[in-house]
Each structure stands twice: as C-alpha cells, then as structure tokens.
Amino acid sequence: MKTKWTLALLAFGAASQSSHSADLLEVYQQALQSDPLIREAEANRLASEELMPQARGLLLPQITATAFEQRSESEGDNLFQQQIIDPVTEEVTGIINVTAPFEDRNNEFSQWELQLTQTVFNWQQIAGLQQANKRVAEAQVTYESAQQSLLLRVAERYFDVLAAEDSLEASSANREAIAKQLDQSQKRFEVGLIAITDVQESQAAFDQAVADEIAAKRTLATANYLLTEITGTPISDLAEPTGEIPLESPQPAVEEDWVRLALEQNLDLVAGRINAEVASKEVSVRQGARLPTLDLIVSRRNQESTGERSNAGSDFFPTAFGSDQESISLQFSVPVFTGMRNNSRVKEAVHLHRAARERVQRLARETERLARDSYLGVLTEISRTKALQQALRSAETALEATQAGFEVGTRTTVDVLDAQRNLFNARTQFLRARYDYLLNVLRLKQAAGNLRVQDLEKINGLLGS
C-alpha cells in the first residue's frame, strides 16, 4: 500500500481549504484583548503609576479648611441658699432658700479656619518619593515581562493545538490503514493463506488504534480549551505551516553571548533588581521615622459671636463679639520614644531587603540556566528535526517494503503492523520537533529579554490560511 496519506499530511494541508484559518498574529491580537493575565498586569501597572503623584503630594502644600457654628439658648430661675445672721451677735441663726431670676441668653457662635502646612524637612516623605519612582519603574518592567510571556504562551498553545491536530489526523489515518489490513487478513484467512493468529494480531492492533484515536481526540480538546483560556472565545481552525520551516542557528552563535544578554536584559531579572532597590529605599523610609521633622504652618482664623441677654427679668440687650487671627509658625517635632516600634520596623525592612537581594541572586541563576537551556534547545531541535525527517522517509520506505513482502508471503501481519506503527510515531515526532524548534527560538529570545511581536510576525509568515 502506498503511503500517500503521509505525503499529504506532510504538506500541512491548507491549500485546498476554502474557509479562512486564524493565523498566529490574529490569535495573539485576540489574546491581547481577552487574556486575564495581561489585563491584570496592565491594571497593576496603571495602579502603580499613581504612586508617584501620591508620594509627591505629601511634599506639596497641604491646605485644610474647617468651619464651626453653634446656637444656644438658656433661661430659668437660679435657686440658692442664704444665711440668716443675727445683727447683734453676728451669728448664723438659720438658712433660707432664695429664688432669683436667672440670666436669659440667646447666642450664635461661628468660626472658620484656613490652614496651610508645608513640609520643610521630612525624610520619610523624601525617601518615599524616591521609592515610588522605583516602584513605577518596576511595574513597567513587570508589565513588559507579562507582554513577552503572552507572546510565548500564545505560541505554545497555538502549536500545541496544531500538534494535537496532527496527532489526531495521523491516528485516524493509522486506524484506517490497520482496518484495511484487518480486512485483508480476514480475507486471506478465509482462503487459507494465513493463520488465525495473524487475524487476531490485526484485530488487536485495530483496537489499540481506536484507543489511540480516542486519546488523541481528548488531547486535542484539552489543547483547544487551553487556547480558549487566553483568547476568550474558541477558535475552530488554525493556519498551519505551508512548506519547509527554515532551521536557523541562533545569532549570535556563541552561547556565552546569549547568557550575557540574558543577565543584562532579562525582564524578570531586571524587575528583581529594581525590587531590591525598592526594598533598600524602604529601609531608608523607616529610618526616617527616627529623624526630626520641620513644617511651616500658616493659618487664618475668624470667630464671630452674636446674641442677646437679659438679667433678672430686665429687657434684652444685644451682645456681639468678633476676632480675626493670622499666624505663621515653624513646627519642629522630634520622636523621643515609640515603644521600640520604629526599631523593629527598621529591622524588618533590613531583613526584607536581604531577602530581595537573595531573590535577585536566584533569578540570575535561573536566567542563566534558561538562556543556556534555550540555546541548546534550538541547536538540538535543528538536529533532531533533520534526523526525524530522515527517519520519516525511512519509515515510509520500510512500510512499502514490508507490505510488498506481505503480499508475496515473506512478511507477516505483525511486521506490517509494526511498520505502520513506526511510521505513525515517526511522523508525529517529526511534526512536533518542528514546532518545538520554533518555540525554543522564542524561549531563547524571552530569556535574553528581546522577544518582540516582530518575532511572532516572522513565524506567522510561515503559516498559510
């Protein structure tokens, strides 16, 4: 049996399709709008940008206005006790209760105050402004890292879907080929050319092929779900490579150059270094709580009181009072004792700074490992793809020879089934290696911190709808 189906599958279909297939860039643009991780990163970046005006605002003049108004009325009798004194002996002879009219009063009081406070020296606020600037820079780098991560995640899930489709297509073709082999074995058994064991071997292989096809369908469904997770909507048809994929070695072609670039430009590592600077500034901020502060205070206060009152039933007469005060002062504050709280907070910040430095060290080692592994991965996949392409050709030739031998009785059904299985494995491994090569190229660029949309565009040029 000729293996025309393998040649058709290796062409990566697409030319005869009448409907449009979504390519890699289209999927990326959709993910850019719908992926929760990138939207979360953008929201965090925008939130961090507000730290600068907040920190700067503490160093700008603070103006507060307060107003107060009160109305009161009072009236009634005043009850008190009066001693009775003998005019001759001048001794107290008794006590009587006396009621006297109480003062009646109606009063309205209002006050407003406008106060301006300008920081002259406050090290916590000065260091906090410097720290806020670092936090904004860290958020920007983290967002750029999330963008690069999205580029790679889209490519990984895109090619996972293609690989799952290839595997399912090959599984279906393998099942159909084995079904034909099973039918042929049954006919040959009926005329006495082969033993029943050959039919049983074919049946077992067919059952296994059916199971493999079911598993391939599940793998494809999972891959589609994972792609939908970042695009928000299912995509039923993806563009596939239309021809040979150029297998290019990394440029520069020296591993140490890629490691150097990664240690300088890897965005996760850069963000880690900025985070260590933020932690260092936090130590300075908390140490500022021990230092004196100096503030300039300018205020103006206005008070007005109007009303009327009467004493002991007399006629009411009006009362009025008013004042307008202005003041300028310097307020100098020195923290004397805070229950060791500030000391503890400084120690905490020192430990957190040390943890941030250790995290940078860890990220540096991980970045170096990732750069070396990705560089080696590109070179390995180039060699592996070429080897698997040759293995695929050999598997095709071997299957044709085995089938020819089966026809003349020199090969058994088991030989044919093994040859078909080898062809199936060779094909799926070859196609997966091509995708892995492209992904390793992207991983290497991400490790070096220079993964861009243009890299996705270059790969997209290899795809056809």
Side-chain angles (χ1 to χ4, degrees), residues 9-12 24-25 28 145 147-167 170 223 239-270 362-396 422-463:
L9 293 176
L10 284 177
F12 292 90
L24 188 57
L25 278 181
Y28 169 71
S145 177
Q147 289 180 313
Q148 290 193 0
S149 176
L150 179 63
L151 286 168
L152 182 59
R153 284 190 295 118
V154 167
E156 287 176 338
R157 299 192 182 186
Y158 185 97
F159 288 120
D160 282 345
V161 172
L162 291 186
E165 289 177 347
D166 293 335
S167 180
E240 301 179 359
T242 55
E244 291 295 328
I245 295 179
L247 304 176
E248 301 174 352
S249 298
Q251 295 298 327
V254 180
E255 180 178 337
E256 294 303 323
D257 290 343
W258 284 99
V259 173
R260 177 181 54 80
L261 285 174
L263 293 178
E264 291 176 357
Q265 301 177 175
N266 181 272
L267 294 182
D268 289 337
L269 182 55
V270 172
R362 173 176 60 82
L363 288 173
R365 294 178 183 179
E366 290 178 356
T367 299
E368 180 178 355
R369 172 186 56 76
L370 181 61
R372 294 187 185 278
D373 183 68
S374 300
Y375 181 84
L376 180 61
V378 174
L379 297 181
T380 301
E381 292 304 328
I382 291 176
S383 301
R384 183 168 174 265
T385 301
K386 292 178 180 179
L388 288 172
Q389 186 175 25
Q390 183 58 46
L392 178 60
R393 296 193 185 104
S394 299
E396 291 175 350
N422 291 337
L423 178 60
F424 164 72
N425 292 333
R427 178 188 177 278
T428 53
Q429 290 178 15
F430 169 66
L431 297 180
R432 179 75 254 190
R434 286 156 60 97
Y435 301 145
D436 288 341
Y437 161 75
L438 296 174
L439 292 176
N440 273 284
V441 171
L442 297 179
R443 292 187 184 110
L444 180 58
K445 289 182 174 292
Q446 184 192 34
N450 55 13
L451 180 60
R452 300 291 184 267
V453 178
Q454 290 75 8
D455 298 307
L456 224 58
E457 292 175 348
K458 183 178 180 181
I459 294 177
N460 196 66
L462 304 173
L463 309 177

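Computed from heavy atoms alone, side chains included, the values below leave out hydrogens, waters and symmetry copies.
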Query raised in the report: How long is the gap from CD on Glu240 to CG on Leu431, to the nearest 0.5 Å?
Result: 9.0 Å
Report summary line: Looking only at heavy atoms, the pair that brings Val161 and Ala223 closest together is CG2-O, 3.5 Å
Query raised in the report: How many angstroms lie between CG in Leu444 and CD in Glu255, if you round to the nearest 0.5 Å?
Result: 9.5 Å
Query - Non-hydrogen atoms of Pro252 and Tyr375 that approach each other most closely - result: O-CE1, 4.1 Å
Requested in this report: Indicate the atoms forming the closest heavy-atom contact of Leu25 with Glu457, along with that distance.
Outcome: CD1-CG, 3.5 Å
Report task. Using atom types as modelled and distance alone, determine if a side-chain donor or acceptor of Ser394 lies under 3.5 Å from a backbone N or O of Gln390. Result -> yes
Query raised in the report: Can Arg260 and Glu368 be counted as an ion pair, charged N to O under 4.0 angstrom?
Result: no
Requested in this report: Can you spot which of Leu379, Asn440, Val441 makes a side chain to side chain contact (heavy atoms under 4.5 Å, CB included) with Pro250?
Outcome: Leu379
**Report entry** Least distance between heavy atoms, Pro241 atom then Leu162 atom
**Finding:** CD-CD1, 4.1 Å
Query - Side chain proximity check, Arg427 to Glu396, heavy atoms < 4.5 angstrom - result: no
**Report entry** Gap between atom CG of Leu392 and atom CD of Gln429 - 0.5 Å precision
**Finding:** 10.0 Å
Query raised in the report: If we only count heavy atoms from C-beta on, is the Leu151 to Val453 side-chain gap below 4.5 Å?
Result: yes
Query raised in the report: How about Gln446 and Ser145: do any of their side-chain heavy atoms sit closer than 4.5 Å?
Result: no
Query raised in the report: Taking everything shown except Arg362 itself, do over 12 heavy atoms lie less than 6.0 Å from its CZ?
Result: yes
Report task. Report the C-alpha distance between Leu456 and Leu442 in whole Å, list the side-chain angles of each, state the deciding distance to 0.1 Å, and finish with yes or no for side-chain contact (heavy atoms from CB on, under 4.5 Å). Result -> CA-CA 8 Å; Leu456 224 58; Leu442 297 179; 4.1 Å; yes
Query raised in the report: Is any NZ, NE, NH1 or NH2 atom of the basic residue among Arg384 and Glu381 found under 4.0 Å from an Asp or Glu carboxylate oxygen of the other?
Result: yes
Query raised in the report: Once you round to the nearest 0.5 Å, how far does NZ of Lys458 lie from CG of Leu24?
Result: 14.0 Å
Report summary line: Taking every heavy atom of Leu247 against every heavy atom of Lys386, the minimum-distance pair comes out as CD1-CG, 3.9 Å
Query raised in the report: Do Leu150 and Tyr28 come close enough that some side-chain heavy atom pair is under 4.5 Å?
Result: yes
Requested in this report: Considering non-hydrogen atoms only, spot the tightest contact between Lys445 and Asp455 and give its length.
Outcome: CE-OD1, 3.2 Å
Query raised in the report: Should Asn460 and Leu463 count as side-chain neighbours, where that means a heavy-atom distance under 4.5 Å?
Result: yes
Report task. Evaluate the side-chain contact (heavy atoms from CB on, under 4.5 Å) criterion for residues Gln389 and Glu244: first the C-alpha distance (whole Å), next the side-chain angles of each, then the deciding distance (0.1 Å), finally the verdict. Result -> CA-CA 11 Å; Gln389 186 175 25; Glu244 291 295 328; 3.7 Å; yes
Query raised in the report: Should Tyr437 and Glu248 be marked as a side-chain contact (heavy atoms from CB on, under 4.5 Å) after you check the CA-CA gap, both sets of side-chain angles, and the distance that decides it?
Result: CA-CA 10 Å; Tyr437 161 75; Glu248 301 174 352; 3.8 Å; yes
Report task. Decide, yes or no, whether a salt bridge links Arg372 with Glu256 under the criterion of side-chain N to carboxylate O below 4.0 Å. Result -> yes
Query raised in the report: Are any non-hydrogen side-chain atoms of Leu269 and Leu263 less than 4.5 angstrom apart?
Result: yes
Query raised in the report: Rounded to the nearest 0.5 Å, what separation is found between the CZ atom of Arg443 and the CG atom of Leu451?
Result: 11.5 Å
Query raised in the report: Where the side chain of Asn266 meets the backbone of Ala447, is there a donor-acceptor pair that is under 3.5 Å apart?
Result: yes
Query raised in the report: To the nearest 0.5 Å, how far apart are CD1 in Ile459 and CG in Leu438?
Result: 5.0 Å
Query raised in the report: Are Asp166 and Arg434 within salt-bridge range, i.e. N to O under 4.0 Å?
Result: no
Query - Side-chain heavy-atom pair Pro246, Leu462 within 4.5 angstrom cut-off - result: yes
Query - Any donor-acceptor N/O pair, Thr428 side chain to Asn425 backbone, under 3.5 Å - result: yes
